[in-house]
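Atom set for the values below is all heavy atoms of this structure, side chains included, hydrogens, waters and symmetry mates excluded. Just so it is clear: chains get the letters A, B, ... in the order the sequence lines come, proteins before strands, and each one is counted from 1.
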2 protein chains.
Amino acid sequence: MRKPTIQDVARQAGVGVGTVSRVLNNHVAVKGATRETVLKAIADLEYTPNPHARRIAGGKSYTISVLLPVLTTEFYVRLLDGLESAFQEARYDVAIFPLLDRSRLERYLGSHTLAYQADGLVMATYNLTQMFHERRLRTQQPTVLVDAYSDTVDSSFMDNVSGGRLAGEYAVGLPGHLYAVWVETELDHLFTTRVFEDRRSGFLGVAQSAGRTVRREFTSSFDSLAARNTAVTLLDDAQAAGLPCTVFASADMLAGALLDEVNLRGLTAGRDVHVIGFDDQPWAAERGLTTLHQPVESMGYEAAHLLLSRLSGFNGPPRARRFEPRLIVRAST
Amino acid sequence: MRKPTIQDVARQAGVGVGTVSRVLNNHVAVKGATRETVLKAIADLEYTPNPHARRIAGGKSYTISVLLPVLTTEFYVRLLDGLESAFQEARYDVAIFPLLDRSRLERYLGSHTLAYQADGLVMATYNLTQMFHERRLRTQQPTVLVDAYSDTVDSSFMDNVSGGRLAGEYAVGLPGHLYAVWVETELDHLFTTRVFEDRRSGFLGVAQSAGRTVRREFTSSFDSLAARNTAVTLLDDAQAAGLPCTVFASADMLAGALLDEVNLRGLTAGRDVHVIGFDDQPWAAERGLTTLHQPVESMGYEAAHLLLSRLSGFNGPPRARRFEPRLIVRAST
DNA sequence: CCTGTTCTTGGAACGGGTTCCACGCGCGGG
DNA sequence: CCCGCGCGTGGAACCCGTTCCAAGAACAGG
């Protein structure tokens, strides 16, 4: 029982192989009735096209490279969900390269021996380096940025200024001193980019125009020990200055550490300490954390479509797709 | 500047395409001189064969699925090294599936829609389930077990009984009370198999025939907090009973936690407490840990060759390849 | 009802390998 | 010196899709 081929499908449906191929690839010019017949034949035979034959016949790799910093965080997992669902619909494979640090990224970009080059490139979060531009000129590879912005290529990104602003507008209505915690930009990692600066500028802008000052700002690296230390220092200060207080923690991870410490001190979040996070991690709902939800999947999905349109010939100027976070109010405020 | 094809190479070398293909695939029947000419042409043109064309022409996927529990541990990284180096030599790709728990494994094995089936299957550490046997019958897919044993399929594995015995033989010559620490077999994870039971039976067998008893045995789960707790309890008991003592920690991770605690108490490993580990992790040399080194890469390499021989037609009865750990004595004893 | 477009559609050519068959050449034996 | 065998080699056929061209079908306008 050999695997059925496109020939078998064509015979079964009483049409030519060209027609079957057109149905498979959604090339519009197929009449409704014919399309149905072909789809039925495909279903009956349990036909699945051979991707390798497709690649050699089409002269393309039908593969997209996705460059991202790491894939162990919620954010990138969701981002990949969005990217992969869009690429799957268009029958493209995705090759994931978690590059971790600048040297690996540059090694990847500089590599001359990209034997079977991907048809397109998705870069997540990375800032654009000089090497990137050189490589792009050399390879002509269609590229899209996601979670990052540049005016020279298509991009799909979150509006972090707006996210900071939303947090700010809500925070100024809450009682007590105002605090803010940011995430440190590690210089040898490219993936921090301007995300936290943007959140900060949005937040501070609103606070200022509301005539409020932030009592203290903190910067923590993105690990749980540092987050806990920051929480301790912050609460010491807040208790000394008098509760209640309101804290904008620009990443849920930081907010989580703060909630831990609040509980440990017998205080109550949403009464003594108001906490606003950012990310809407899966646990945020359970723990009742007020936070900003980001439509990360949509951002990925849209990025994929920007790239796909380039792949099918679109050649206009760079486009930018901006996504807005949404404030979700829960018990922590 | 198109990518060169096998046609270009044939022309350049003044031979037929068949000959070039034969050289590429090491089909013996090519005369030395001709082979040289072809190899030179390949080098001159910087020719790399198109894997997709190969797959469609050959009617095979030239891909091997490797099923393993996780790939974040030293052991599996080394195992993959061994597997991949062998498969690369034979121009096979490797697709890695870290399946983590029983349900994912069964979902993988039960799947009917393994569209472009791999030519062969490597299963690491997993015990064989009923589903596995059913699937094997259905798909006829050549299979090899690595780090596990069954008498129905080829296998390549470490002799953990022998490892335990080596540890035992050495331990009974060391002074003081005897302790042993094992790793807990989590029941919903398949990947613990009989490894630790085997080490235990080897170790206890030797101790018994030497007329020695083990003062206390501990079981710890494989995480650092549990390991540390176990170390504390063990050392409390040992100090109460009088030092020196000798401990066989059946995984370096456990041994490491023990060394930490030994240092913390101002004791000296190799004098007050003798520690024997198992694995020879990269840090074992630096920290002077006496341990059992496992030829994991060789085990993987051999597993790959067992599978490759099946793929090229070998059809004899199941074969088993057994590998022996080697005791490495360092300062901790 | 006829002619000229515009849609659809069939199928050959093609892409880059592998495999198999047939042929040529070299060598040993008679 | 001739014949036969086998090794080494060339190249056609094939694998399975995509694409493109030409031809048939359908439809609108006169």
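For the atom pair CG (B/L83) and NE2 (B/H305), the distance works out to 10.5 Å, reported to the nearest 0.5 Å. In this structure, A/L68 CG and A/Y76 OH are separated by 7.0 Å, a value rounded to the nearest 0.5 Å.
For B/P49, the listed nucleotide lying nearest its side chain is C/dG17; candidates were D/dG17, C/dG11, C/dG17. In the set C/dT18, D/dC16, D/dT18, the nucleotide with an atom closest to the side chain of A/N50 is D/dC16. Taking only side-chain atoms of A/K60, from C-beta outward, the nucleotide of C/dG16, D/dT19, C/dG17 with the closest atom is D/dT19. In the set D/dT18, C/dT18, D/dG17, D/dT18 carries the atom at the smallest distance from any side-chain atom of A/V17. The side chain of A/Y62 approaches D/dT18 more closely than any other nucleotide in the set D/dT18, D/dG11, C/dG16.
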Using atom names, set out every protein N or O paired with an N or O of nucleotides 4-9 of chain D below 3.5 Å, distance rounded to 0.1 Å.
residue	atom	partner	partner atom	Å
D/dT9	OP1	B/T34	OG1	2.2
D/dT9	OP2	B/K31	N	2.9

Taking only nitrogen or oxygen atoms into account, show me every contact under 3.5 Å that the protein makes with nucleotides 24-28 of chain C, one pair per line with its distance.
none

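Remark on DNA chain D: of its neighbouring residues A/L24 and B/A53, the 5'-side contact belongs to B/A53, judged by nearest-heavy-atom nucleotide.
Residues that satisfy the side chain to side chain contact (heavy atoms under 4.5 Å, CB included) test with A/D44, not counting sequence neighbours, are A/Q12, A/K40.
B/S155 places no side-chain N or O within donor-acceptor distance of the main-chain N or O of B/D151, the cut-off being under 3.5 Å.
OP1 or OP2 of D/dT18 sits under 4.0 Å from a side-chain N or O of A/N25. Taking only side-chain nitrogens and oxygens, A/S21 comes nearer than 4.0 Å to OP1 or OP2 of D/dT18.
The closest side-chain heavy-atom distance from B/R55 to B/T63 is below 4.5 Å.
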